[in-house]
Participant: 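One structure, as structure tokens, below. Some questions next.
To find a chain, count down the sequence lines: A is the first, B the second, and so on, and within it residues start at 1.
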Amino acid sequence: MSRVIINLVLQATEQTLIMVLAAGAISLLVGLPLAVIVFSASRKELYGSPWIARPLSLLIDALRAVPFIILLVILLPVTRWIVGTSLGTTAAIVPLSIAAIPYYARIAEIALRGVDTGLIEAVQVMGGSRWMVICYGVIPEALPSLISGLTVTLITLTGASAMAGAIGAGGLGDLAIRYGYQRFNTQVMVAVVIVLIALVGLIQAIGNFAARRAAPQHG
Amino acid sequence: MSVLNVVDLQHSFAGTPVLKDISFQVQKGEIVGLIGPSGAGKSTLLRALCGLEKPDSGKIILQNQDIASLHERELRKARQGIGLVFQHFNLLETRTVTQNVALPLKIAGWSAQKRQARVAELLDLVGLSEHHSKYPAQLSGGQKQRVGIARALANDPSLLLCDEATSALDPQSTTTVLDLLSDINRTLGLTIILITHEMEVIRRFAQRVLVLEQGTLVHDGGMLDLLTRSHNPPAIQALLNETRPTLPPQLQDTLTQEPRTDWNVVIRVVLVGASAQTAFLSELTKHFSAQAVLVAGGASLCAGIPTVDMILTLNAPLTDKISRYLSEQTQLMEVLGYVPGHH
């Protein structure tokens with residue numbers, strides 16, 4: 001493999017990592033609070049306000065329903081407004097985040113829902129406020145699932161970032177399309193696929209490790 | 001001094017009354033058993049007592065505060081004075097024993113240093129000091145419940161509520177947990193309300209029993225009162241029968257209510273306290289040359305008091321003299337019927 005190709009792959013890997021990690025961080029920072037709001041609004045033991053939970057839940061589902069490639073195009077003006085351009089790696093972070101936020105919010109909400117009601121009551125009976133119920137009870141108990149959910153989100157983002165290549169976002173997917181698909185450069189294609197497999201494997205391994213650390217010890 | 005005073009508590013779900021005019025008082029240091037068939041309103045009453053359910057009307061006075069009328073913020077403060085032990089432990093699985101026990105202290109705003117000392121003290125009390133860094137999944141059911149008890153005691157509550165605390169445990173763990181609760185009651189003078197559907201737990205443990213049936217308090221008194229009374233309401237009788245000796249099936253089949261000559265009399269006798277420790281059976285045989293055969297039951301402790309609850313067959317007619325002797329010597333004497341004798 002030529003030096004040029006190696007450099008191309010390295011540069012593309014870096015771009016992909018930037019997109020995935022930035023969008024992943026934003027989806028965690030926005031998606032988790034969103035999940036907490038939907039969860040605590042839908043539980044009668046906590047806030048019990050379905051008029052907040054239902055519309056929010058609907059919005060999350062609506063955003064998830066839009067195919068990413070369409071979202072990419074719809075969001076062009078928004079991206080231009082936020083980043084100043086609609087082209088390049090930084091620009092791609094906007095649609096990727098918008099897609100990943102509802103995705104992670106839903107996964108996180110399901111994880112929170114998995115926590116036993118008895119635990120919520122236990123913290124309440126100790127005199128804990130709703131905030132304490134969530135911080136000391138629900139989130140710690142759901143932590144392993146929250147971490148696994150984030151791992152899934154990051155891997156989904158890796159796939160989605162390839163599509164962002166359509167707006168010149170760069171990254172591994174873009175490289176594979178331009179060199180491998182359009183120019184029939186099998187070498188680049190194979191290299192990209194191998195790097196992607198390694199990347200996804202690495203994310204999953206780190207995610208599994210973190211989730212195991214957060215999970216209760218057995219035996 | 002009464003710790004808890006419940007006055008005219010009423011509650012209904014969607015128009016169906018589940019608690020009707022419940023009133024009772026609990027004195028400091030008492031162990032009270034609350035029993036009733038499922039659906040009787042036990043859990044609703046419990047949830048009302050710890051402020052998880054706001055009753056429609058009535059008062060729940062704990063430490064001069066009416067739990068039923070407190071607002072969120074004051075209620076949270078008041079809850080720190082109530083310990084609750086759950087049937088399914090409800091421990092945080094991702095937290096160690098120490099962290100679980102420390103949680104109520106953290107909520108109450110204790111400093112990390114004070115928390116550490118208090119947790120060590122509590123774990124010592126429940127005998128789990130060496131397991132302090134384990135996770136709930138590494139403990140047995142009985143040990144988990146002891147963590148639950150330590151956690152409930154953390155804030156030094158004035159009232160400990162146990163919601164079916166032994167129902168998920170094997171018999172041996174049940175005994176350990178009940179012994180621990182008895183010890184805590186004795187040493188700390190802690191008031192305990194034990195909610196259960198198992199009469200056996202109440203019989204061994206509670207000095208006083210409240211029976212709830214279809215939302216109404218149908219009995220409030222000593223457990224021994226129930227055992228030595230010949231006529232209990234059917235619901236109570238059904239609960240009692242779970243823990244009382246019953247006639248063996250072969251005798252049950254031939255039992256008749258009609259007195260017949262040469263048939264044996266089947267009687268139930270209950271002896272409590274000092275009389276439970278006399279040589280009752282041999283005295284009976286000596287005085288009346290009647291052979292008394294034990295067919296079911298025996299001696300046990302009922303709320304710490306020696307109690308004999310047994311079914312006997314007598315191979316002599318129940319003359320006035322024997323009847324009088326039996327009623328003098330025992331706290332309850334009931335004729336259950338007659339069975340053919342083996343002469």
Side-chain angles (χ1 to χ4, degrees), chain A residues 32 35-36 39-41 43-50 108 110-151 207-219, chain B residues 43 46-47 49-53 67 70 72-97 99-110 133-139 144 147-148 151-155 157 159-161 163-164 168:
Chain A
L32 184 59
V36 169
F39 170 77
S40 52
R43 293 299 278 261
K44 69 168 172 24
E45 301 88 359
L46 297 167
Y47 287 93
S49 14
I110 292 169
L112 298 179
R113 249 193 281 159
V115 175
D116 189 6
T117 313
L119 272 168
I120 297 178
E121 287 188 348
V123 181
Q124 278 180 328
V125 169
M126 291 171 204
S129 62
R130 294 157 180 167
W131 184 239
M132 289 169 173
V133 168
I134 289 164
C135 290
Y136 297 159
V138 177
I139 289 182
E141 283 300 282
L143 199 57
S145 320
L146 288 174
I147 292 172
S148 309
L150 187 64
T151 312
N208 286 349
F209 175 75
R212 230 188 355 260
R213 283 296 296 270
Q217 315 290 305
H218 290 273
Chain B
S43 346
L46 170 93
R47 291 174 60 84
L49 290 181
C50 54
L52 286 173
E53 192 88 50
I67 301 276
L70 290 181
E72 181 72 23
R73 188 178 294 266
E74 305 147 333
L75 186 59
R76 284 210 299 269
K77 192 85 193 133
R79 277 183 187 145
Q80 291 175 10
I82 305 169
L84 179 55
V85 181
F86 297 88
Q87 177 177 9
H88 297 294
F89 327 123
N90 293 356
L91 300 174
L92 294 169
E93 294 291 321
T94 56
R95 292 287 180 264
T96 62
V97 167
Q99 288 169 323
N100 266 289
V101 177
L103 188 54
L105 300 171
K106 200 168 164 186
I107 287 172
W110 289 42
S133 57
K134 284 194 178 164
Y135 288 86
Q138 296 167 296
L139 302 176
K144 281 186 207 172
V147 177
R151 184 179 68 175
L153 293 176
N155 273 321
L159 178 65
L160 186 69
L161 299 170
D163 182 16
E164 302 279 3

Participant: From B/Arg76 CZ over to A/Gln124 CD, what is the distance, rounded to the nearest 0.5 angstrom?
Facilitator: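 If I round to the nearest 0.5 Å, the distance is 10.0 Å.
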
Participant: Side chain, backbone, both or neither: which part of B/Leu105 has a heavy atom under 4.5 Å from chain A?
Facilitator: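 Neither part.
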
Participant: Just so I understand: if I count every heavy-atom pair under 4.5 Å between each of B/Leu161, B/Leu91, B/Asn90 and chain A, which residue has the most?
Facilitator: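 Looking at each of B/Leu161, B/Leu91, B/Asn90 in turn, B/Asn90 comes out on top.
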
Participant: At what distance, to the nearest 0.5 angstrom, does CD1 of A/Ile120 lie from CG of B/Leu52?
Facilitator: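 Taking CD1 in A/Ile120 and CG in B/Leu52, the distance rounds to 11.5 Å.
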
Participant: Atom OG1 of B/Thr94 and atom CD1 of A/Ile139: how far apart are they, to the nearest 0.5 Å?
Facilitator: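 Here the interatomic distance stands at 11.5 Å.
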
Participant: Can you give me the closest heavy-atom contact between A/Tyr136 and B/Leu92, atom names plus distance?
Facilitator: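 Closest approach of A/Tyr136 to B/Leu92: O-CD1, 3.5 Å.
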
Participant: Hey, what do you get for CG (B/Leu103) to CE (A/Met132), rounding to the nearest 0.5 Å?
Facilitator: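 Rounded to the nearest 0.5 Å, the CG-CE separation comes to 9.0 Å.
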
Participant: At a heavy-atom distance under 4.5 Å, which candidate from B/Glu72, B/Arg95, B/His88 has the highest pair count against chain A?
Facilitator: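 So the answer, after comparing B/Glu72, B/Arg95, B/His88, is B/Arg95.
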
Participant: Considering only heavy atoms, which portion of A/Val115 lies under 4.5 Å from any heavy atom of chain B: side chain, backbone, both, or neither?
Facilitator: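 Neither part; nothing is under 4.5 Å.
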
Participant: Can you tell me which portion of A/Ser129 sits under 4.5 Å from chain B's heavy atoms? Options are side chain, backbone, both or neither.
Facilitator: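 Both parts, heavy atoms under 4.5 Å.
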
Participant: Check whether any side-chain heavy atom of A/Met126 lies under 4.5 Å from a side-chain heavy atom of B/Lys106, and answer yes or no.
Facilitator: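 Answer no - side chains too far apart.
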
Participant: Measuring heavy-atom distances to chain B, does A/Glu45 have an atom under 4.5 Å in its side chain, in its backbone, in both, or in neither?
Facilitator: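 Interface part for A/Glu45: neither.
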
Participant: For B/Arg151, is it the side chain, the backbone, both, or neither that has a heavy atom closer than 4.5 Å to a heavy atom of chain A?
Facilitator: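 Interface part for B/Arg151: side chain.
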
Participant: With a 4.5 Å cut-off on heavy-atom pairs, point out which of A/Gly137, A/Gly118, A/Pro144 contacts chain B the most.
Facilitator: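 Counting heavy-atom pairs under 4.5 Å, the top option is A/Gly118.
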
Participant: With chain A as the partner, which of B/Ile107, B/Asn155, B/Thr96 has the greatest number of non-hydrogen pairs under 4.5 Å?
Facilitator: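 Most heavy-atom pairs under 4.5 Å with chain A: B/Ile107.
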
Participant: So, does A/Glu141 use its side chain to make a donor-acceptor pair with the main chain of B/Glu93 at under 3.5 Å?
Facilitator: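 Here the side-chain-to-backbone pair exists.
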
